[in-house]
Amino acid sequence: MAYTVIGVFESADVANKALHALLGQGIGREHIDVTAADVNQDNPTGEFPENDSFHNFFRAVFTGHEHEVKDHAAAARCGTTLTVHVRTRQDAEQVQHVLDQHGAVNASEYARRYVAKHGGVPLSAHGPAPFPHPDPTVPADQPVATNTVLRSRIIDRPLSDGERLR
């Protein structure tokens with residue numbers, strides 16, 4: 001596959017809706033990887049070392065852009081990440097649109113705004129924390145979708161099986 005599209009979601013439920021939308025668009029399940037943060041009884045905070053699979057994946061994807069690596073790895077540790085591998089730019093843009101329409105968040109903003117706010121404790125330990133709506137008359141728990149913020153990301157290169165986030 002020539003392109004990888006990455007979408008980070010606040011919860012597995014939201015990511016699952018995006019997954020089903022992709023399948024409905026004809027994207028084969030074998031081209032979609034779903035990775036959820038490992039917050040469980042043995043790891044209640046979901047904290048991971050910097051050499052975990054999320055960090056290594058984003059280091060391979062964002063070579064030379066350490067701030068992107070840290071932001072995306074931190075966001076991925078808090079939610080669910082979908083990576084979709086497609087052949088054409090047109091397919092990548094279609095996937096990006098589906099992910100964004102189904103709740104993908106801007107990973108850098110998500111990591112900076114919420115993970116830092118909670119002292120590095122992943123959001124899943126606190127429950128989802130949606131982005132505030134810019135209209136003060138809309139309740140604070142209503143997420144906002146914006147076209148001016150990059151949410152899901154298209155990576156213009158194929159990833160080897162060893163690089164894929166699974």
Side-chain angles (χ1 to χ4, degrees), residues 1-40 43 46-65 67-111 114-115 122-125 127-131 143-147 149-166:
M1 297 294 157
Y3 296 88
T4 300
V5 186
I6 303 167
V8 177
F9 298 83
E10 288 185 24
S11 73
D13 289 340
V14 176
N16 196 40
K17 289 176 185 173
L19 170 65
H20 287 288
L22 291 169
L23 295 172
Q25 294 277 328
I27 304 294
R29 182 62 179 92
E30 70 276 10
H31 301 297
I32 305 169
D33 298 325
V34 181
T35 308
D38 188 16
V39 178
N40 57 45
N43 187 11
E47 294 180 33
F48 298 92
E50 281 203 9
N51 64 349
D52 71 344
S53 61
F54 291 123
H55 197 85
N56 290 336
F57 170 76
F58 290 113
R59 183 177 287 133
V61 170
F62 297 116
T63 304
H65 299 280
H67 70 283
E68 295 265 16
V69 172
K70 287 180 181 180
D71 287 349
H72 278 77
R77 287 183 188 113
C78 298
T80 300
T81 303
L82 291 181
T83 52
V84 185
H85 310 278
V86 296
R87 293 184 195 270
T88 69
R89 180 71 187 193
Q90 181 178 354
D91 289 343
E93 290 171 357
Q94 174 189 352
V95 166
Q96 182 180 41
H97 178 75
V98 169
L99 295 180
D100 288 350
Q101 291 298 310
H102 286 85
V105 298
N106 174 299
S108 295
E109 186 175 313
Y110 183 67
Y114 294 105
V115 176
L123 295 178
S124 51
F131 292 99
V144 59
T146 175
N147 293 328
V149 176
L150 183 63
R151 289 175 283 156
S152 57
R153 300 285 301 268
I154 296 175
I155 307 304
D156 292 338
R157 72 175 184 85
L159 297 179
S160 70
D161 281 343
E163 291 177 309
R164 286 177 65 169
L165 185 60
R166 299 180 197 220

Compare every heavy atom of [Y] with every heavy atom of [X], then report the nearest pair and how far apart it is.
X    : Y    : result
A104 : R151 : O-CD, 3.3 Å
I154 : Q96  : CD1-OE1, 3.4 Å
V8   : A107 : CG2-CB, 4.1 Å
S152 : D100 : OG-OD1, 2.8 Å
V69  : F58  : CG2-O, 3.4 Å
A18  : L82  : CB-CD1, 3.8 Å

Notebook entry, point to check: How long is the span from the NE2 atom in H97 to the NE2 atom in H102, to the nearest 0.5 Å?
Noted result: 9.0 Å

Check: How many angstroms lie between CZ in R59 and NZ in K70, if you round to the nearest 0.5 Å?
Finding: 9.5 Å

Item checked: Partner of T4 under side-chain hydrogen bond (donor to acceptor under 3.5 Å, both in side chains), chosen from H85, R164, R153, H31 -> H85

Are the side chains of [Y] and [X] in contact, using a 4.5 Å heavy-atom criterion?
X    : Y   : value
D156 : Y3  : yes
I6   : F57 : yes
D33  : T81 : no
Q94  : D91 : yes
I155 : F62 : yes

Checklist line | Neighbour count above 12 (heavy atom, 6.0 Å) for E30 CD | finding: yes

Next item on the list: Could you go through the side chain to side chain contact (heavy atoms under 4.5 Å, CB included) check for F9 and L99 one step at a time?
Entry: CA-CA 9 Å; F9 298 83; L99 295 180; 3.8 Å; yes

Check: Is a side-chain N or O of R89 found less than 3.5 angstrom from the main chain of A92, in a donor-acceptor match?
Finding: no

